[in-house]
Amino acid sequence: MVAGANFNFNGCQVYKGYLDRFEQHALLSELRMIVSKAPLFSPLTPWGKPMSVKMTSAGKYGWYSDHKGYRYIPKHPNGTHWPEIPRSIQAIWHDLCGDQPNPECCLVNYYEKKAKMGLHQDKDEKNLMHPVLSISLGDDALFRIGGQNKNDRTESIWLSSGDVLVMSGASRLAYHGIDRIKYGSSQLLKSGGRLNLTLRVVD
Ligand code: SIN
Ligand code: MN
């Protein structure tokens, strides 16, 4: 754990090395439990193409996408409720986001070798004042962040296993995405790749 953020772009704070190796492995065990109950799947974009990132969720809501658009849904596509968000993950939220309400969705993104995520805003939540917190595990990823307009200047930063990022204030609605991962740069996940957890208040 570190005392303060060591990257700040328009209010987007990155806490490099927030989780040590032991904490990363503990989090990985929690994620294995989540994925065993709510398996990863490839959502379809609203225009019908499978996303390169595989996803699942924990919490009251899971993030979902298909031809009907981006939205939160109360159950996994297999019909079961999403697993609860583990307390250890909630603790990270409260450590870095203070007295914000509990997160209602923990989206789990899995990036294989060629996966990436285009520039987008997180704006499917009802109240866009609450921060977005994201945790990186496994291979390094090139994260790009800009402003609230798609053509605003962007900055890039490599996110490594154990880094935690918070988008609040002016950065809450900033365009952001993952250009690529550096496959094989981390030994944390046996089969390689990157996991990202995104915590959000939905209602
Ligand atoms: C996202 O914006 O949903 C994911 C970002 C990341 O993988 O770091
Ligand atoms: Mn996002």
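Each ligand, and each atom within it, is numbered from 1 in the order the structure gives. Any value given below was found using the heavy atoms of this structure, including those in side chains, with hydrogens, waters and symmetry copies removed.
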So what does the His120 NE2 - the Mn ion (ligand 2) - His176 NE2 angle come to, to 10°? 90°
Can you check whether Tyr111 has an N/O within less than 3.5 Å of an N/O in ligand 1? yes
Quick check: His120 with Tyr70 (ring centres under 6.0 Å apart)? no
Under a plain distance cut-off of 3.5 Å, with no hydrogens placed, do Arg200 and Tyr72 share a side-chain donor-acceptor pair? yes
Taking distance alone, with no angle check, do His176 and ligand 1 share an N/O pair under 3.5 Å? yes
Checking distances from the Mn ion (ligand 2), one finds that the N, O or S atom of Asp122 closest to it is OD1
Can you see whether Tyr111 has Arg194 sitting over its ring - NZ or CZ less than 6.0 Å from the centre and within 45° of the normal? yes
Hey, is ligand 1 close enough to Asp122 that some N/O pair sits below 3.5 Å? no
Go through His176 and Asp122 one step at a time and tell me if the side chain to side chain donor-acceptor pair (under 3.5 Å) criterion holds. CA-CA 9 Å; His176 61 280; Asp122 286 12; 3.2 Å; yes
Atoms of ligand 1 close to Met117 [distance to a heavy atom under 4.0 angstrom, numbered from 1]: 1 (C), 2 (O), 3 (O), 4 (C)
How close do Pro77 and Phe41 get, heavy atom to heavy atom, and via which atoms? CD-CE2, 3.9 Å
Quick one: do Lys126 and Glu104 make a salt bridge, cutoff under 4.0 Å? no
Short list, please: which atoms of ligand 1 are under 4.0 Å from a heavy atom of Arg194? 6 (C), 7 (O), 8 (O)
